[in-house]
S.K.: 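This is the structure I have questions about; it appears just below.
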Number of protein chains: 2
Amino acid sequence: MNNPHITLADILITTPEARRSGFLEYALRRNKEAVPFIDKAKALKAILQAHTQSPDDILSIEKIKESLLEAAGVSVKAKAHLSIADKDRLLQDFIDKVLKPSGSAYIEEMVYRYLLTSGDALGGKMRNIIGSIANEKLTRFIVSQLQICQIEFTYTRKNDAFTHGKHFTIDVADSIKAIQWTNGQNQQRLLVYNVNVPQVKKNIDIVLLKQAVANTRSDPLKKVLADEKNYLVIGELKGGIDPAGADEHWKTANTALGRVRTAFNRQLSLIFIGAAIEASMAQEIFSQYQSGELANCANLTDDNQLASLCAWLIEQ
Amino acid sequence: MNNPHITLADILITTPEARRSGFLEYALRRNKEAVPFIDKAKALKAILQAHTQSPDDILSIEKIKESLLEAAGVSVKAKAHLSIADKDRLLQDFIDKVLKPSGSAYIEEMVYRYLLTSGDALGGKMRNIIGSIANEKLTRFIVSQLQICQIEFTYTRKNDAFTHGKHFTIDVADSIKAIQWTNGQNQQRLLVYNVNVPQVKKNIDIVLLKQAVANTRSDPLKKVLADEKNYLVIGELKGGIDPAGADEHWKTANTALGRVRTAFNRQLSLIFIGAAIEASMAQEIFSQYQSGELANCANLTDDNQLASLCAWLIEQ
DNA sequence: TAAACTCGAGTGA
DNA sequence: ATCACTCGAGTTT
């Protein structure tokens, strides 16, 4: 029982207040992220007003072809899977069946449709942002623990060389790829985020290794990752606050952790950190924690739980 | 090896052509579903034009308060988790920081923002539709098998009484909740979709039982579901075509199936049907199929695989 | 209401 | 290009 704050399953459950606060932050951030999408829609409108008199003119403006496709309901993701013929058909259908019947309102119709697709895109973007905010919060707590314990550390953004921890500021926390330190027993420790673990051929959110590397560019790190003896901790982090997604994403995490258990011949510590934890999954998580299948766990919205987990992590 | 079409893992992999076709269908359907969202935006614009002269007038129009909140970036889902104070704050911020600075373009700004949120909503709606289309396809293949085998069956839409299969038409396939028949060995069979299995306290996509019920209203069905001896097959169905979601959703399905294995004291047949199957997960699925952990499996986009699975299913 | 279902919009390695 | 990560927009029971 490595986390003194996890004494029973119910403690893991996310409070309504944490949920409220999470959704509020989400709405505020979403409004900020909406601006460029709104701007692009306005720019599209301006181009259409300046360069078209009727729907038939639209196809001839090369620079808005992609926007036209998006207005026709095709996401950037979907585009990659469609053939040229599919896209041409969708465009022509869109012009004939949607824009032309709108008469003189064809510009408004196209911009409105474009915004619908943009809204879906904004939603996708937000989901990624929420994930990296969770990562950032974990980083802040780990760094705080290192500082409290007066452990010197280095960190790297992207795949650059390591910078001394004394240069660490809150504004770099969102781009940290790896942190390195020497623990109380004078052992090298390397924490890497979102890295492909070759033993499972899958990316893992949190990986703690017992080797130092000069940088996280492919080769030196790959060599360390290749040897399963170098692994200390592997963890899954789920930053989403939506209770409706809680069990869904825990099921995903659970299979991901199961794959690690199967792939590694030696036992290593597995951890789970989630922001949306509901009663039923709290039982499963706690049960795995009690049996040792999970070495540690925490609710990301509970500072005490998270701090305890980080304190444990840097001591491994 | 219950499915003669599943001879090796790679056969389960979704073809690029099936993917292309899936994304094309998706785009066409999305454009149809977009219409009411576009209409609501136009209606909102009309109300704003008719009843407001400036952003300050908006709050006084009670009937557009929810739309205003959505324009302010709050989804219907998020609304449920926010306090009145949160929502008031978001509304006021939206008016002060977004609409007022737009000057005379405040109506356009509000409608554009509303459309962004609507686009996310449309995306959510589409995801549900894709799921029910998959269910519908499975129903059509099962009914076809029953018809081919000249097995009489009854079906129920929603939770009504059962209707004789001779009344079955393609247009009801999307609302079938359960199908009942008597198999070759004169045994009662009941197939139910999306039903809560009390042994795991979770909903399961596909459940085959060996009891008949008069209707699928709570009580008679609940009694059958309560006794684990009545279960023959439990299955997960994943209708999504996006390869990026394939492993994600297989991981979810895998934990769901794992929960069933753990919860049931007797062995029962577990099956998996997915539309997006990638190489790596195909190996895992096939491996479970070979070991018997999965009794059957199929790629939803492959008619032969699906028909074979359905032929096996109605013989159980 | 609570709980957990639907799945692809992004992203990056 | 390939693969598999981010998570909440809907929905139902």
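Nothing here was measured: the structure is a model prediction, and the numbers come from that model. So that the names make sense, note that chain A is the first sequence line, chain B the second, and so on, each numbered from 1.
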S.K.: What closest approach, in Å, do A:Thr301 and A:Ala275 show between heavy atoms, and which atom pair accounts for it?
M.R.: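 The pair with the smallest heavy-atom distance is CG2-O, 3.7 Å.
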S.K.: Output the rounded distance in Å from CG (A:Leu300) to P (D:dT6).
M.R.: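 Roughly 13 Å, once rounded to whole Å.
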S.K.: Select one nucleotide: of C:dG10, C:dC7, C:dA4, the one nearest the side-chain heavy atoms of A:Glu278.
M.R.: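 Looking only at heavy atoms from C-beta outward on A:Glu278, the closest nucleotide is C:dA4.
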S.K.: What's the closest nucleotide to the side chain of A:Lys251 if the choices are C:dC5, D:dA9, D:dC7?
M.R.: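 In terms of side-chain proximity for A:Lys251, the closest of C:dC5, D:dA9, D:dC7 is C:dC5.
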S.K.: Would one find a side-chain N or O of B:Ser75 under 4.0 angstrom from OP1 or OP2 of D:dA9?
M.R.: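 Answer is yes, contact under 4.0 Å.
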S.K.: Going by distance alone, is a donor N or O of one side chain under 3.5 Å from an acceptor N or O of the other, for A:Tyr193 and A:Thr139?
M.R.: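 A:Thr139 and A:Tyr193 do have a side-chain donor-acceptor pair below 3.5 Å.
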S.K.: What is the separation between atom CG on B:Leu225 and atom P on D:dT13, rounded to the nearest whole Å?
M.R.: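 Roughly 13 Å, once rounded to whole Å.
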S.K.: Closer to the 5' end of DNA chain C via nearest nucleotide, is it A:Val195 or A:Arg19?
M.R.: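 Here A:Arg19 is the residue nearer the 5' end.
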S.K.: Tell me which nucleotide among D:dC5, C:dA9, D:dC3 gets nearest to the side chain of A:Arg259.
M.R.: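 Among the listed nucleotides, the one closest to the side chain of A:Arg259 is D:dC5.
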S.K.: Between C1' on D:dC3 and CE on B:Met281, what's the gap in Å once rounded to a whole number?
M.R.: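 For the pair B:Met281 CE and D:dC3 C1', the rounded distance is 12 Å.
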S.K.: With a cut-off of 6.0 Å (strictly less than), are more than 12 heavy atoms of other residues, nucleotides or ligands near NZ of A:Lys125?
M.R.: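 Counting neighbours around NZ of A:Lys125, 12 or fewer heavy atoms of other residues, nucleotides or ligands fall under 6.0 Å, so no.
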S.K.: Is B:Lys177 close enough to D:dT12 that one of its side-chain N or O atoms is under 4.0 Å from OP1 or OP2 there?
M.R.: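 It does not, given that no N or O in the side chain of B:Lys177 lies less than 4.0 Å from OP1 or OP2 of D:dT12.
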S.K.: In whole Å, what is the span from the CG atom of B:Leu221 to the P atom of D:dT13?
M.R.: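 Value for this atom pair: 12 Å.
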S.K.: How close or far is atom P of D:dC7 from atom CD of A:Glu25, stated in whole angstroms?
M.R.: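 The answer, rounded to whole Å, is 16 Å.
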S.K.: The side chain of B:Asn128 is closest to which nucleotide in this list: D:dA4, C:dT6, D:dC7?
M.R.: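 Of D:dA4, C:dT6, D:dC7, C:dT6 is nearest to the side chain of B:Asn128.
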S.K.: At less than 4.0 Å, is any side-chain N or O atom of A:Tyr26 found next to OP1 or OP2 of D:dA9? Yes or no.
M.R.: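 It does, given that an N or O in the side chain of A:Tyr26 lies less than 4.0 Å from OP1 or OP2 of D:dA9.
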S.K.: Quick check for you: among C:dC5, D:dG8, C:dG8, whose closest atom lies nearest to any side-chain atom of A:Asp242?
M.R.: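 The nucleotide sitting nearest to the side chain is D:dG8.
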S.K.: By nearest nucleotide on DNA chain D, pick out whichever of A:Ser132 and B:Asn196 is the more 5' one.
M.R.: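 Of the two residues, A:Ser132 wins.
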S.K.: What contact category does B:Ser280 fall into here, base, sugar-phosphate, or nothing, at under 4.0 angstrom with non-hydrogen atoms?
M.R.: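 Sugar-phosphate: the residue B:Ser280, judged by heavy atoms under 4.0 Å, touches backbone atoms but no base.
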S.K.: Which nucleotide sits closest to the side chain of B:Ala244: D:dC7, D:dA4, D:dA9?
M.R.: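 So the nucleotide nearest the side chain must be D:dA4.
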S.K.: Pick base, sugar-phosphate or nothing for B:Gly119, based on heavy-atom distances below 4.0 Å to the nucleic acid.
M.R.: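 Nothing: the residue B:Gly119, judged by heavy atoms under 4.0 Å, touches no strand.
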S.K.: Can you tell me if A:Thr255 uses its side chain to pair, donor with acceptor, with the backbone of A:Thr252 under 3.5 Å?
M.R.: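 Between the backbone of A:Thr252 and the side chain of A:Thr255 there is no qualifying donor-acceptor contact (under 3.5 Å).
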S.K.: I want to confirm an ordering. Mapping A:Pro243 and B:Ala134 to their closest nucleotides on DNA chain C, which one lands closer to the 5' end?
M.R.: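 Comparing both residues, the 5'-ward one is A:Pro243.
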S.K.: When you get a sec, tell me which of C:dG8, D:dA4, C:dT6 is the closest nucleotide to the side chain of A:Lys77?
M.R.: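 Of the candidates, C:dG8 comes closest.
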S.K.: Determine the contact category for A:Ile129: base if any of its heavy atoms lies under 4.0 Å from a base atom, sugar-phosphate if only primed atoms, P, OP1 or OP2 are that close, otherwise nothing.
M.R.: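 Answer is nothing: A:Ile129 stays at 4.0 Å or more from every strand.
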S.K.: Under a 3.5 Å threshold, yes or no: a donor from one side chain and an acceptor from the other, between A:Asp86 and A:Ser83?
M.R.: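 Judged by distance alone, the side chains do pair up.
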S.K.: Show the numbers, then the answer: is there a side-chain hydrogen bond (donor to acceptor under 3.5 Å, both in side chains) between A:Asn194 and A:Asn203?
M.R.: CA-CA 6 Å; A:Asn194 306 311; A:Asn203 277 24; over 6 Å; no
S.K.: What is the distance, to the nearest angstrom, from the CG atom on B:Asn194 to the P atom on D:dT13?
M.R.: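 So the CG-P distance, B:Asn194 to D:dT13, works out to 7 Å.
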S.K.: Taking donor-acceptor contacts at under 3.5 Å, does the side chain of B:Glu236 reach the base of C:dC5?
M.R.: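 No.
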S.K.: Under 4.0 Å, counting only non-hydrogen atoms across every strand here, what does A:Gly131 touch: a base, just sugar-phosphate, or nothing?
M.R.: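 Result for A:Gly131 = sugar-phosphate.
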S.K.: For a side-chain contact (heavy atoms from CB on, under 4.5 Å) with A:Leu138, tell me which candidate from A:Ile176, A:Ile133, A:Leu306, A:Leu191 qualifies.
M.R.: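 Going through A:Ile176, A:Ile133, A:Leu306, A:Leu191 one by one, the side-chain contact (heavy atoms from CB on, under 4.5 Å) with A:Leu138 is satisfied by A:Leu306 alone.
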S.K.: Report the residue (A:Ala256 or A:Gly240) whose heavy-atom-nearest nucleotide on DNA chain D is the more 5′ of the two.
M.R.: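 Its nucleotide being nearer the 5' end, the pick is A:Ala256.
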S.K.: Between the base of C:dA4 and the side chain of B:Lys202, is there a donor and acceptor pair under 3.5 angstrom?
M.R.: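 Result: no qualifying N/O pair found.
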S.K.: Looking for any heavy atom pair under 4.0 Å, which part of the strands does A:Asp120 touch: base, sugar-phosphate only, or nothing?
M.R.: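 Sugar-phosphate: the residue A:Asp120, judged by heavy atoms under 4.0 Å, touches backbone atoms but no base.
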S.K.: Assess the side chains of B:Lys202 and A:Ser280: does a donor N or O sit below 3.5 Å from an acceptor N or O?
M.R.: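 Judged by distance alone, the side chains do pair up.
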S.K.: When you measure from the side-chain N and O atoms of A:Lys125 to the phosphate of C:dT11, is any distance below 4.0 Å, counting only OP1 and OP2?
M.R.: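 A:Lys125 to C:dT11 OP1/OP2: no side-chain N or O under 4.0 Å.
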S.K.: Quick one: is C:dA3 close enough that its OP1 or OP2 comes under 4.0 Å of any side-chain N or O from B:Lys201?
M.R.: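 The answer is no; no side-chain N or O of B:Lys201 sits under 4.0 Å from OP1 or OP2.
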S.K.: Looking across every strand, which nucleic acid part, if any, lies under 4.0 Å from A:Val76 by heavy atom: base, sugar-phosphate, or nothing?
M.R.: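 A:Val76: backbone/sugar contact only, no base atoms under 4.0 Å.
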S.K.: Give one of base, sugar-phosphate or nothing for A:Ile241, where a contact means two heavy atoms less than 4.0 Å apart.
M.R.: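 Sugar-phosphate, no base atom in range.
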S.K.: In whole Å, what is the span from the CG atom of B:Asn135 to the P atom of D:dT11?
M.R.: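 Answer to the nearest Å: 17 Å.
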S.K.: Considering only side-chain heavy atoms of B:His249, which listed nucleotide, D:dC5, C:dA3, C:dG8, is closest?
M.R.: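 Given the options D:dC5, C:dA3, C:dG8, the side chain of B:His249 is closest to C:dG8.
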S.K.: Rounded to the nearest angstrom, tell me the gap between atom CG in B:Asp205 and atom P in D:dT12.
M.R.: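 Whole-Å distance recorded here is 15 Å.
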